[in-house]
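On a predicted model such as this, the values are computed, not experimentally measured, just so you know. Just so we're on the same page: letters track the sequence lines, and every chain starts at 1.
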Amino acid sequence: MPLLYPLVLAAALFGIGLYGVLARRNAVLMLLGVELMLNAVNLNLVAFDAWFADVMHTGQVLTLFTITIAAAEIGLGLAIVLSLFRAVRTVDVDRVGADR
Amino acid sequence: MSATEVIFLLFAAVAIGSALLAMTSRQLVHSALWLVVTLGAVAGCFVLLTAEFVAWVQVLVYVGSVVVLVIFALMLTRQQSTISAEVTSNRWTAAVLGLVASVGLGATVVSGFHGERIEGRRIGTAESIGDALFNDWVLPFEILSGVLLAALVGAIVISRAGADR
């Protein structure tokens with residue numbers, strides 16, 4: 001398989017995720033955009049691991065680490081979004097700062 | 001073109017299409033469910049890229065728990081207005097930036113790696129990944145379990161501190 005297939009797919013997913021983070025008004029869906037960008041990174045790591053045929057499986061092990069970090073990030077992020085919702089009764093990022 | 005490449009391109013098309021739907025859908029829960037499709041298609045790509053174990057972890061952690069967490073959060077933060085899925089006023093700036101990022105990254109990898117091929121000589125089975133993880137990567141692995149524990153305790157503390165008020 002050409003190495004370019006996964007790399008270009010990862011580039012496309014990263015751009016879509018970036019759009020989601022910047023364009024979404026709902027804070028929870030902004031976090032979904034971050035997850036999508038992290039997945040693009042994972043795809044790159046796995047593709048380069050397969051390309052190098054690495055004995056230590058560096059790429060795939062780092063992918064597992066990224067998945068763990070992403071799980072920690074979404075847990076903390078959603079806790080922060082929940083406490084934000086309790087404080088100002090909205091998760092709309094356009095309105096959160098505007099009321100003050 | 002081999003069958004693997006055709007299946008990979010199919011998965012890639014599904015992933016990109018559902019990612020676009022997830023990021024643009026006006027229904028909040030639909031966004032989360034389209035993200036399930038995206039992550040599942042990426043897991044399929046992992047299998048085709050010889051990363052079997054990572055694909056299963058992706059299905060377990062992302063599709064199984066992260067999306068469930070997100071749906072819980074969406075339901076707990078439900079607002080009166082149904083238009084909260086709307087995009088911000090600077091959506092065109094965001095679209096241009098996303099496009100620039102995609103095209104820039106795409107051009108970089110095309111100019112750097114065109115003509116290279118993946119042979120798939122070392123399959124990432126559970127056995128080989130476990131060997132690598134617990135022989136070569138055991139210290140980062142243990143540190144990461146500390147990070148995960150700290151993040152989970154932090155999440156509990158943050159959400160409880162809000163409930164007291």
Practice problem: Identify the heavy atoms of R117(B) and P2(A) that sit nearest to each other, and give their distance. | Solution: NH1-CG, 3.8 Å
Practice problem: Check whether L13(A) gets within reach of chain B through its side chain, its backbone, both or neither, counting any heavy atom under 4.5 Å. | Solution: side chain
Quiz item: Relative to chain B, which of L82(A), V46(A), I80(A), V81(A) shows the most heavy atom pairs under 4.5 Å?
Solution: V46(A)
Quiz item: Given side chains that start at C-beta, do those of V61(A) and F53(B) come closer than 4.5 Å, heavy atoms only?
Solution: no
Self-check item: Non-hydrogen side-chain atoms of L99(B) and Y19(A) separated by less than 4.5 Å
Solution: no
Practice problem: Would you mind checking which part of L35(B) comes under 4.5 Å of any heavy atom in chain A, side chain (CB onward), backbone (N, CA, C, O), both or neither? | Solution: side chain
Quiz item: Is a side-chain donor or acceptor of S102(B) paired with a backbone partner of A11(A) at a separation under 3.5 angstrom?
Solution: yes
Practice problem: Using the rule that two of Ile, Leu, Val, Met, Phe, Trp, Tyr join whenever any of their side-chain heavy atoms come within less than 4.5 Å, decide whether I7(B) and V37(B) are in one cluster. | Solution: no
Quiz item: Non-hydrogen atoms of chain B under 4.5 Å away: do they reach the side chain of T68(A), the backbone, both or neither?
Solution: both
Self-check item: L36(A), part contacting chain B, at a heavy-atom distance under 4.5 Å
Solution: side chain
Exercise. Name the region of L3(A), side chain, backbone, both or neither, that has any atom closer than 4.5 Å to a heavy atom of chain B.
Key: both
Quiz item: If you count heavy-atom pairs under 4.5 Å with chain B, which of A72(A), G20(A), A53(A), A70(A) comes out on top?
Solution: A53(A)
Quiz item: Would you say the side chain of F46(B) lies within less than 4.5 Å of the side chain of N42(A), judging by non-hydrogen atoms?
Solution: yes
Quiz prompt | Pairs of heavy atoms under 4.5 Å with chain A: top-ranked of A132(B), G124(B), G106(B), P140(B) | solution = G124(B)
Quiz prompt | Best-contacting candidate, L9(B), D131(B), T4(B), against chain A by heavy atom pairs under 4.5 angstrom | solution = L9(B)
Quiz item: Among Y62(B), F11(B), F72(B), W92(B), which has the most heavy-atom pairs under 4.5 Å with chain A?
Solution: Y62(B)
Quiz item: Does any heavy atom of chain B fall under 4.5 Å from the side chain of D49(A), the backbone, both, or neither of them?
Solution: neither
Quiz item: Any chain of hydrophobic side-chain contacts (each under 4.5 Å) joining L64(A) to L148(B)?
Solution: no
Self-check item: Pairwise side-chain contact, L28(B) with N26(A), heavy-atom cut-off 4.5 Å (strictly under)
Solution: yes
Practice problem: Indicate if L62(A) and L133(B) have the same hydrophobic cluster label, given that clusters are the connected sets of ILVMFWY residues with side-chain heavy-atom separations under 4.5 angstrom. | Solution: yes
Quiz item: Can you tell if the side chain of L43(A) reaches within under 4.5 Å of the side chain of V42(B), non-hydrogen atoms only?
Solution: yes
Quiz item: Which region of L78(A), side chain (C-beta onward) or backbone (N, CA, C, O), has a non-hydrogen atom less than 4.5 Å from a non-hydrogen atom of chain B, or is it both or neither?
Solution: side chain
Self-check item: Residue pair I158(B) / L76(A), side-chain heavy-atom distance below 4.5 Å
Solution: yes
Quiz item: Going from CG on L49(B) to CE on M1(A), what distance comes out if it is rounded to the nearest 0.5 angstrom?
Solution: 5.0 Å
Practice problem: Indicate the atoms forming the closest heavy-atom contact of F85(A) with L76(B), along with that distance. | Solution: CE2-O, 3.4 Å
Self-check item: Heavy-atom contact with chain B under 4.5 Å, split by part of I69(A)
Solution: side chain
Practice problem: Take T93(B) and L22(A) through the side chain to side chain contact (heavy atoms under 4.5 Å, CB included) test and state the conclusion after the steps. | Solution: CA-CA 9 Å; T93(B) 321; L22(A) 294 176; over 6 Å; no
Quiz item: Are V14(B) and W34(B) connected, step by step, through hydrophobic side chains (Ile, Leu, Val, Met, Phe, Trp, Tyr) whose heavy atoms are closer than 4.5 Å?
Solution: yes
Quiz item: Between T50(B) and A50(A), what is the shortest heavy-atom contact and its length?
Solution: OG1-CB, 3.8 Å
Practice problem: Against chain A, label A22(B) side chain, backbone, both or neither, depending on which of its atoms sit under 4.5 Å from a heavy atom there. | Solution: backbone
Self-check item: Over all atoms of both residues, closest heavy-atom pair of L39(B) and N39(A)
Solution: CD2-ND2, 3.0 Å
Exercise. Look up atom CZ in F48(A) and atom CD1 in I118(B), then write down how far apart they are to the nearest 0.5 Å.
Key: 8.5 Å
Quiz item: Taking all non-hydrogen atoms of both residues, which atom of L29(A) and which atom of S31(B) are closest, and how far apart?
Solution: CD2-CB, 3.8 Å
Quiz prompt | Transitive ILVMFWY side-chain link F52(A) to V41(A), under 4.5 Å | solution = yes
Exercise. For A15(B) and L9(A), work out which heavy atoms get closest and say how close.
Key: CB-CD1, 4.4 Å
Quiz item: Among L20(B), V67(B), V96(B), which residue forms the greatest number of heavy-atom pairs with chain A at distances under 4.5 Å?
Solution: L20(B)
Self-check item: Derivation and outcome, side chain to side chain contact (heavy atoms under 4.5 Å, CB included), residues W137(B) and H57(A)
Solution: CA-CA 10 Å; W137(B) 298 95; H57(A) 274 303; over 6 Å; no
Self-check item: Greatest number of heavy atom pairs closer than 4.5 Å to chain A - which of A95(B), S145(B), C45(B), A101(B)
Solution: A95(B)
Quiz item: Which value, rounded to the nearest 0.5 Å, describes the distance between N90(B) atom CG and R25(A) atom CZ?
Solution: 10.5 Å
Exercise. Kindly determine whether L32(A) and M23(B) satisfy side chain to side chain contact (heavy atoms under 4.5 Å, CB included), including the steps that lead there.
Key: CA-CA 8 Å; L32(A) 283 194; M23(B) 290 298 124; 4.1 Å; yes
Quiz prompt | Between CD on residue Q60(A) and OG on residue S128(B), distance to nearest 0.5 Å | solution = 7.0 Å
Quiz item: Using the ring of each side chain (for Trp, its six-membered ring), is F8(B) parallel, tilted or perpendicular to Y5(A), with breaks at 30° and 60°?
Solution: parallel
Quiz item: Roughly how far, to the nearest 0.5 Å, is CG of L4(A) from NE2 of H114(B)?
Solution: 8.0 Å
Quiz item: Looking at A71(A), A12(A), G77(A), A40(A), which makes the most heavy-atom pairs under 4.5 Å with chain B?
Solution: A12(A)
Quiz prompt | Selection from V8(A), I67(A), L18(A) maximising heavy-atom pairs under 4.5 Å formed with chain B | solution = I67(A)
Self-check item: Pairwise side-chain contact, V70(B) with L31(A), heavy-atom cut-off 4.5 Å (strictly under)
Solution: no
